[in-house]
Every structure is written in C-alpha cells, then in structure tokens.
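Note that these values count all heavy atoms, side chains included, but never hydrogens, waters or copies made by symmetry. Throughout, residue positions are numbered sequentially from 1 according to the sequence presented. Since the model is a prediction, treat every value here as computed from it, not as a measurement.
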Amino acid sequence: MCGIIGIVGKSDVAGALYDGLTVLQHRGQDAAGIATVDGRRLRLHKGNGLVRDVFTDQAMAQLTGSAGIGHCRYPTAGSEEVDEAQPFYVNSPYGIALGHNGNLTNTDAIRAQLFAEDRRHINTGSDSEVLLNVFAHELAIQDRLQLAPENIFKAVGAVHARCKGGYAAVALVLGYGLVAFRDPNGIRPLVLGQRWTAQGMEYAVASESVALDILGFKLLRDIAPGEAVLITLDGQLHQRVCADAGLAPCLFEFVYLARPDSIIEGISVYQARVRMGQRLAERILKLRPEHDIEVVMPIPDTSRSAALALAQRLDVPFREGFVKNRYIGRTFIMPGQGERAKSVRRKLNAISQEFKDKVVLLVDDSIIRGTTSKQIIQMARDAGARKVYFASAAPPVRHPNIYGIDMPSVRELVAHDRRKKEVQTLLGADWLIYQTLEDLIETVRVDRPDIEQWDDSCFSGEYVTGIAADYLRELELTRSDEAKLARRQIGVG
C-alpha cells in the first residue's frame, strides 16, 4: 500500500505535490519522495519518514519545475531501507523517474531476465525498481531520438505483457512529460483530474480523488485497467488502453485503505462503509433478533462510518469509547508483534465511564492478526464492560494479499484455518460477528452494478491474475515477523 501523485502544471508543482502527499499519508508512513523536471534536469529528494519530516524548507526550494511526481511508502516486505524510498531514477534512456503502488508477482523472474537479456542491473529488493527498468528497456529498444505518444504506449503495453500483479505507476520521462498507467485488472486505484488556471490547463493523477480535491482539481475519471495516460510538458493529454483488460478493483480499498472522502471507480468510499454497517446490522438482527446490545462503539477511525450506521439500524446508542492518539501509525503494518502490542496501548485509551456495566458491541473495519482486537476487547473489560461483542465490517481475512498490501504471513492471520468460534475464543470476545463476503460485495457495488469481478483474494483466496504454484510459499518466507526481524538484524531489510 503506497500513495502516488503526479502533476503537469504551468508553474512549480513541488508545493502541490507535497500537499497531495499529505492527504495520501494514510497509504504509507514509512518513506516519501518527490521528483520534478526543471527543463532538462531532474530534481529528486526522498527519505524515510513522514512527508512533513522528509521535506524541509531547503529540500522543497530545490524541487523546481512545472512537472513532477510524488510517492509515500509503507514498509513492504523486503523493501524497508532508505535506498528503496521512491521515486526511483534511471538515466537511460532519456532519464526516467518512477513511483509505484502495488506488487509484481513475478519479480524474481523479471529481475533475472533484466540482467541476463536486457543487461540492466537492479540495485535494491524493490519491485518498483524492476518495473522502472522494464519500462526503460522497452523505451530504449525502440531506438528513437524523438519519442511520439505511440512509442510510450507501446512501451507500456510491453510492461503489461511482462509484469504480472497489481500496480499503478506514475513516471516522468525527461523532455516528454508524465506517464501514468494501471494494471490490466485495475486492482490498484488511479484517478485523473484537471484544473483551469490563468496560465492554462493543468492535469494531475493520484491514488485517490481526495488528493485532487485538496488541490482544486476536478475528478475526470478513473484511469482504466490496462490504460496509459501521457501528459506532455506543454499540457497535451494522450490516452490509450495498452492491454486486454478486465476490471477487478480491490475490495480492501473500500474496507480500510482508502480515505472515506475518496471516490474510487465512481463509488463513494464513505457511502460504501455506511452500507457495510447497515448490512452488518441486518445480519445481527437475523442471528440474534432479541440481542442485548446496549451501546455500539467504533474502533477509531476507519470503522466509524459503519459503526454509526449499524447503531442507527439497531436503534442502539452510538458512543465513542476510545480516544485515539493520532501520532501512532497503522498497527497491522508495524514491524514486529512486540512493537504492535505496545503500540495498541499507546494508540488507544478507553473512556471507562462509557463501558461500566454495559453490554458493548465494538465495531472494527476488519480483523487481520487479531493482536489489536484482542487488546481492545481486554481494554473494554478492564474499563468495566459487562459483556464485549466484536463485529467486523469485513469477512474473515484468511489469505495473504499479493497485490500491494503487505499483510502478514498466513500463519499470523488469526482467521486462517480457524472457525469463527475459535477466533472468538482467541480474541476473548463474548460474541464475534463477521460480514459475509457476499454482503460486502453488494454494499460496494450498489453504485456500480456493472462491475462483475473484484479482487477479494484476502477473503476468498482466489487471485484474479493467477499465481505460480510456489509463490505463496515463497511469500511466507519473506512476510513473517521472524523473516523481517532477521533482515533487520543482518542489515538487508
């Protein structure tokens, strides 16, 4: 999960890229970078940390140019070091900088091919550098002193042919402009916007529409699956679908990843989450029509929309039971179980008066490892709750996500290979309620009934791109807490 943004404007864009990244910060809090084009010179600054910490006044002053891209990263397995902050840059051909959101599932094979056949060296463990070098190679073999849009589209088509997985990318090609493209299944989101200025038309692309909103860009549309968009430095827009495509957007974007004020594939994330709560309430009424729930409380922040709608449908009071420390990152991507356990107590504090002697239904967007959920349930008990029920707006997460969300090793997913009753016991809840996958899909597709396929792989274990037989086993070796700890100890991750 990363955030990307690109702008072609009529004046310096670094400030706008910075502002855009700040509202995409929820997609990645580990590293950030901005690259701009000033004439024939690329200017690049990146580093580990939050956007506000990476970009000092001095760094921003150096990022001149009317076209640029930005990226914020969270620590994907195997890509956690400073030198793997994005954008990446290669000087041949033309000079290209690229930022990427997603994951390639055939990285090892492409890396070997790049070295053996394309004579390109990959210096990091990041698949984003692999993607950049594939794009660069496909431009280079066209052997053109002057590129035309069809040359760039041909190169993107070759990227789609060689690279498997879910990805959205923005790239700067020096002397030409900004290129943005999305995988043939449209798994990772990417939107296009425009705004009029006194100097003329400006264009932007971003992972979420909220970045366009804050910058005053009008949302035009989502970039289509397999489509590439070229915005030349003089502001001309070219677009083409470069691969056979079939839309299958990521369901987890609507559950957790995206901001509620974003619109993805024409679907309001906020309204989808409201419907999740309503549908979950219907399930509760079906399972326990004579329920004894006295109060509904959200786990801040992403579950609030669903929890409020659920409470209204049950005709039960909605109360805030936890106060969140907003300076702690998302716990399911913390680097180790011990660090995650400590961070939950630092992140949330219970308002004991709201729990005392009550039957409480806690609502969260999803349950991944269960570490956070277990501690929150215990916090509710410690605060005096008589009973603690726990509801998930999403189905059980039983399988790894391979398209850019660094979910843990399958062995660390609390619902993997366990029945609901077993998970309920492990979490310490008096009752555990999950959304069904069918209901989740229905809540999201209300505004887009034409979307027939979704990436629901972390719930269903069905991967829309297909995967090699041993891919999940190899993924297991890199994503476990033990593997991450070993990499940090030897200094390679």
Side-chain angles (χ1 to χ4, degrees), residues 251 254-256 258-261 267-324 348-367 370 372-396 420-421 423-425 427-447 449 459:
L251 268 181
F254 297 91
V255 170
Y256 176 76
R259 276 181 46 145
D261 45 346
I267 301 166
S268 163
V269 175
Y270 171 75
Q271 291 178 354
R273 289 176 183 169
V274 167
R275 292 191 292 265
M276 290 175 203
Q278 293 169 340
R279 191 64 65 98
L280 193 54
E282 296 292 345
R283 180 164 175 77
I284 289 171
L285 291 172
K286 179 180 179 181
L287 293 173
R288 294 192 180 183
E290 303 299 325
H291 68 81
D292 58 349
I293 300 167
E294 296 178 305
V295 63
V296 173
M297 295 180 180
I299 309 303
D301 280 315
T302 46
S303 66
R304 187 170 282 114
S305 306
L308 179 56
L310 185 152
Q312 290 171 337
R313 178 65 185 88
L314 293 183
D315 196 22
V316 169
F318 172 88
R319 303 300 291 264
E320 296 284 354
F322 297 98
V323 175
K324 181 180 179 181
L348 296 176
N349 189 47
I351 305 173
S352 58
Q353 296 88 342
E354 297 299 325
F355 290 90
K356 189 170 178 57
D357 298 325
K358 294 178 182 176
V359 178
V360 178
L361 173 64
L362 304 179
V363 181
D364 208 349
D365 51 77
S366 58
I367 305 170
T372 301
S373 305
K374 182 176 181 178
Q375 290 193 69
I376 288 172
I377 290 168
Q378 187 57 52
M379 289 169 66
R381 293 197 189 283
D382 293 343
R386 191 166 80 253
K387 292 182 184 178
V388 182
Y389 301 152
F390 202 92
S392 168
K420 182 179 75 71
K421 191 70 174 178
V423 178
Q424 177 178 307
T425 300
L427 298 184
D430 293 294
W431 185 32
L432 174 63
I433 313 101
Y434 279 111
Q435 188 92 262
T436 68
L437 180 55
E438 294 75 18
D439 282 350
L440 176 61
I441 291 173
E442 286 304 311
T443 63
V444 175
R445 72 189 297 264
V446 165
D447 297 325
F459 309 120

Show your working on side-chain contact (heavy atoms from CB on, under 4.5 Å) between Val255 and Leu440 and close with a plain yes or no.
CA-CA 9 Å; Val255 170; Leu440 176 61; 3.9 Å; yes
Check the pair Val295 / Val359 against side-chain contact (heavy atoms from CB on, under 4.5 Å), numbers first and verdict last.
CA-CA 7 Å; Val295 63; Val359 178; over 6 Å; no
List the steps and the verdict of side-chain contact (heavy atoms from CB on, under 4.5 Å) for Ile367 and Ser392.
CA-CA 7 Å; Ile367 305 170; Ser392 168; 4.1 Å; yes
Quick one: do Ile376 and Val388 satisfy side-chain contact (heavy atoms from CB on, under 4.5 Å)? Show the steps, please.
CA-CA 10 Å; Ile376 288 172; Val388 182; over 6 Å; no
Chi angles and distances behind the salt bridge (Lys or Arg N to Asp or Glu O under 4.0 Å) call for Arg275, Asp447
CA-CA 11 Å; Arg275 292 191 292 265; Asp447 297 325; 3.7 Å; yes
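In the displayed structure, Lys358 atom NZ is contacted under 6.0 Å by more than 12 heavy atoms of other residues, nucleotides or ligands.
Rounded to the nearest 0.5 Å, atoms CG (Asn349) and CZ (Phe322) are 9.0 Å apart. To the nearest 0.5 Å, the span separating CD on Gln435 from CG on Asp365 amounts to 12.0 Å.
Two residues are said to be in side-chain contact when any heavy atoms from C-beta on lie closer than 4.5 Å; Val360 and Glu294 fail this criterion. The side-chain heavy atoms of Arg319 and Val296, taken from C-beta on, include no pair separated by under 4.5 Å. Residues Arg259 and Val269 have side chains not in contact (no heavy-atom distance under 4.5 Å, counting atoms from C-beta outward). When side chains are defined from C-beta on, Asp292 does not count as touching Trp431, because their heavy atoms never get closer than 4.5 Å. Residues Pro298 and Glu320 have side chains in contact (heavy-atom distance under 4.5 Å, counting atoms from C-beta outward). Side-chain contact between Leu308 and Val274: absent, with no pair of heavy atoms (C-beta onward) separated by less than 4.5 Å. Within the 4.5 Å cutoff, the side chain of Asp382 has no heavy atoms near those of the Phe355 side chain. Taking 4.5 Å as the limit, some side-chain heavy atom of Ile284 sits within range of a side-chain heavy atom of Leu361.
Checked against a 6.0 Å centroid threshold, the rings of Tyr270 and Phe254 do not count as neighbours.
The one candidate from Arg381, Arg386, Arg288, Lys387 that meets the salt bridge (charged side-chain N to carboxylate O under 4.0 Å, His left out) condition with Asp430 is Arg381.
Checked against ring pair (Phe, Tyr, Trp, His ring centres under 6.0 Å), Phe318 has no partners two or more places apart in sequence or in another chain.
Between the side chain of Gln424 and the backbone N or O of Leu432, at least one donor-acceptor pair lies under 3.5 Å.
Under a 4.0 Å N-O distance rule, the pair Lys324/Asp301 qualifies as a salt bridge. Salt-bridge formation is detected for the pair Glu282/Arg313: a Lys NZ or Arg NE/NH1/NH2 atom is positioned less than 4.0 Å from an Asp or Glu carboxylate oxygen.
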